[in-house]
Amino acid sequence: MPEVTREDVQKLTHMNLAFGLISENGLLDLHQMTHLDLIPQFRDWNPALRVVLSVGGWGAGGFSLMSRTEEGRRAFAESCRKAVEEYHLDGIDIDWEYPCSDQAEIDCDSSDKQNYTKLLQALRDALGMNRIVSTAVGAGDYFPENTEMDKVAEIVDYVQLMTYDMRNGFTHQAGHHASLSASRGDTSNTNTRYIVELFHNAGVPYNKLVVAAFYCRHYTGAANVNNGLLQEASAGMYGPNYDGLTEEFRREHNYTEYWDEDAEAAYLWNGETFISFESPEAIRRKCEYVKEKGMLGVMYWEHSADHTRELLTVIAKTLNI
């Protein structure tokens with residue numbers, strides 16, 4: 001974790017610590033969590049801060065097998081309750097990336113659709129109504145198809161839409177992976193507005209939806225047509241981080257910054273490599289959209305993606321935090 005300052009924490013309402021895992025016996029495993037001792041410091045800086053433990057993440061398995069039985073769900077939820085009490089956490093966030101799918105090369109089963117709901121209910125039963133139960137969900141049609149989001153919405157406090165990676169490592173087209181709207185001519189449904197309506201129509205109220213910001217992806221080998229936008233390219237790779245997109249970096253690699261008004265998103269292009277990134281203006285427009293729709297807020301992955309704090313400052317200022 002990069003240095004987290006008092007000023008950072010005072011710009012937040014919630015902080016997710018990532019990631020707890022599921023152990024071989026189906027219980028919460030915290031061996032990756034090396035910063036739990038910082039929680040008292042964060043609370044001292046911002047007494048209103050809610051600190052939530054995220055469980056799962058990309059490629060993290062164990063959910064499907066654990067959740068197939070009532071006994072497994074109850075034991076896992078109880079281990080979460082003990083962790084919440086021991087470390088004075090405010091709740092648990094479930095980041096089960098692909099229910100019903102082995103896309104992330106983890107265990108899955110057709111019963112995941114119902115068991116995802118049952119797992120969240122078991123967590124609610126164990127943690128009670130005064131602690132947070134939330135879930136982070138993939139930004140694509142597959143997720144509401146493989147879950148019962150109307151039932152989930154009745155259980156959780158909020159649903160965090162991971163509105164990034166909408167173009168990802170499986171996508172061979174240069175373009176925005178986290179844009180607010182769609183580029184002209186783009187029919188791929190890879191934009192935040194589409195995903196918000198997708199989950200709302202699946203039964204999640206706007207006031208329980210959170211959208212995402214930050215994060216960069218780059219695509220190489222695109223034709224020098226339309227500044228690379230929507231051109232065939234290599235699969236999108238992570239990075240560089242926002243703070244790495246300095247003037248020096250841009251000069252060294254001959255990048256020019258462009259603004260796609262249709263998509264409400266910025267990008268860099270140097271004739272071969274396309275970088276999709278979140279600019280301050282793109283972040284501001286996402287925040288204004290959140291207010292317009294009456295959504296709960298904006299989250300970002302992850303804190304280390306912007307050491308300049310420029311993007312976090314835009315979020316806090318626009319949302320009046």
Evaluate ring-ring contact (aromatic ring centres under 6.0 Å, His included) for W301 paired with F19, printing each intermediate quantity in order. CA-CA 12 Å; W301 176 263; F19 284 104; 5.5 Å; yes
Working note: L245 + C216, criterion side-chain contact (heavy atoms from CB on, under 4.5 Å); need CA distance, chi angles, decisive distance, verdict. CA-CA 10 Å; L245 302 178; C216 298; 4.1 Å; yes
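No donor-acceptor contact under 3.5 angstrom links the side chains of T273 and T220, judged on distance only. Side chains of T135 and Y116: a donor-acceptor N/O pair is present below 3.5 angstrom, by distance only. No hydrogens or angles considered: nothing links the side chains of H177 and N168 as a donor-acceptor pair under 3.5 Å. With hydrogens and angles left out, the side-chain atoms of R217 and S276 include no donor and acceptor closer than 3.5 Å.
Residues satisfying the salt bridge (Lys or Arg N to Asp or Glu O under 4.0 Å) criterion with K113, sequence neighbours excluded, are absent altogether. Scanning for ring pair (Phe, Tyr, Trp, His ring centres under 6.0 Å) contacts around Y219 gives an empty result, with sequence neighbours left out. E232 is linked by a side chain to side chain contact (heavy atoms under 4.5 Å, CB included) to H172, counting only residues two or more places apart in sequence or in another chain. For the salt bridge (Lys or Arg N to Asp or Glu O under 4.0 Å) test, no residue two or more places apart in sequence or in another chain qualifies with D260. The side chain to side chain contact (heavy atoms under 4.5 Å, CB included) check on A182 picks up N191, with sequence neighbours excluded. Partners of Y267 according to the ring pair (Phe, Tyr, Trp, His ring centres under 6.0 Å) rule, which considers only residues two or more places apart in sequence or in another chain, are H176, Y258, F274.
For the pair L209/Y158, no side-chain contact is recorded, criterion being any heavy-atom separation below 4.5 Å from C-beta on.
Separation of atoms OG (S179) and CG (D262) is listed at 10.5 Å; rounding is to 0.5 Å. Rounded to the nearest 0.5 Å, atoms CE (M295) and OH (Y206) are 8.5 Å apart. Distance check, rounded to the nearest 0.5 Å: CD of E24 to CG of L27 gives 11.5 Å. Rounded to the nearest 0.5 angstrom, N115 CG and D109 CG are separated by 7.5 Å. Here the CZ-CG distance, from F42 to D8, works out to 9.0 Å after rounding to the nearest 0.5 Å. To the nearest 0.5 Å, the span separating OG1 on T163 from OH on Y215 amounts to 12.0 Å.
The backbone N or O of S64 lies less than 3.5 Å from a partner atom in the side chain of R68, making a donor-acceptor pair. Side-chain atoms of D186 come within 3.5 Å of backbone atoms of S188 as a donor-acceptor pair (strictly under, hydrogens ignored). Checking side-chain atoms of N146 against main-chain N and O of C100 turns up no donor-acceptor pair under 3.5 Å. Panel note: side chain N226, backbone G228; no donor-acceptor pair is recorded below 3.5 Å.
For the side-chain contact (heavy atoms from CB on, under 4.5 Å) with F63, the lone residue among I106, I94, D107 that qualifies is I94. Put simply, the residue from V51, V210, I132, L49 that forms a side-chain contact (heavy atoms from CB on, under 4.5 Å) with H14 is I132.
The salt bridge (charged side-chain N to carboxylate O under 4.0 Å, His left out) analysis of residues 264-281, with sequence neighbours excluded, yields the pairs R193-E264, E264-R285, E278-K286, E281-R284, E281-R285. Among pairs with a residue in residues 132-144, none fulfils salt bridge (charged side-chain N to carboxylate O under 4.0 Å, His left out), at least two apart in sequence or across chains. Among residue pairs with one or both ends in residues 235-258, those qualifying as salt bridge (charged side-chain N to carboxylate O under 4.0 Å, His left out) are R250-E257; sequence neighbours excluded. Pairs engaging residues 46-65 under the salt bridge (charged side-chain N to carboxylate O under 4.0 Å, His left out) rule: R50-D90 [sequence neighbours left out]. Residues in residues 123-134 take part in these side-chain hydrogen bond (donor to acceptor under 3.5 Å, both in side chains) pairs, two or more places apart or across chains: D93-S134, Q121-D125, R124-D157.
The environment of E292 atom CD is dense: over 12 non-hydrogen atoms of other residues, nucleotides or ligands sit within 6.0 angstrom. No more than 12 heavy atoms of other residues, nucleotides or ligands lie within 6.0 Å of NZ in K151, so this atom counts as exposed by the packing criterion.
With salt bridges taken as basic N to acidic carboxylate O contacts below 4.0 Å, one links R74 and E70. Between E85 and K82 there is no salt bridge, since no side-chain nitrogen of the basic residue lies less than 4.0 Å from a carboxylate oxygen of the acidic one. For E197 and K293, the salt-bridge test passes: some basic side-chain N is under 4.0 Å from an acidic carboxylate O.
Remark: aromatic rings of F143 and W96 are distant, center separation not under 6.0 Å. Ring centroids of F277 and W269 are separated by 6.0 Å or more, keeping the two rings apart.
Between C80 and I92 the shortest heavy-atom distance is CB-CG1, 3.9 Å.
Ring-plane geometry between Y255 and F249 is classed as parallel, the angle between the planes falling under 30 degrees on a 0 to 90 degree scale with a further cut at 60.
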Just distance, no hydrogens or angles: give the donor-acceptor pairs under 3.5 Å from side chains in residues 310-321, sequence neighbours left out.
from : atom 1 : to   : atom 2 : distance (Å)
E310 : OE1    : Y242 : OH     : 3.0
T313 : OG1    : R309 : O      : 2.8
T318 : OG1    : V314 : O      : 2.7

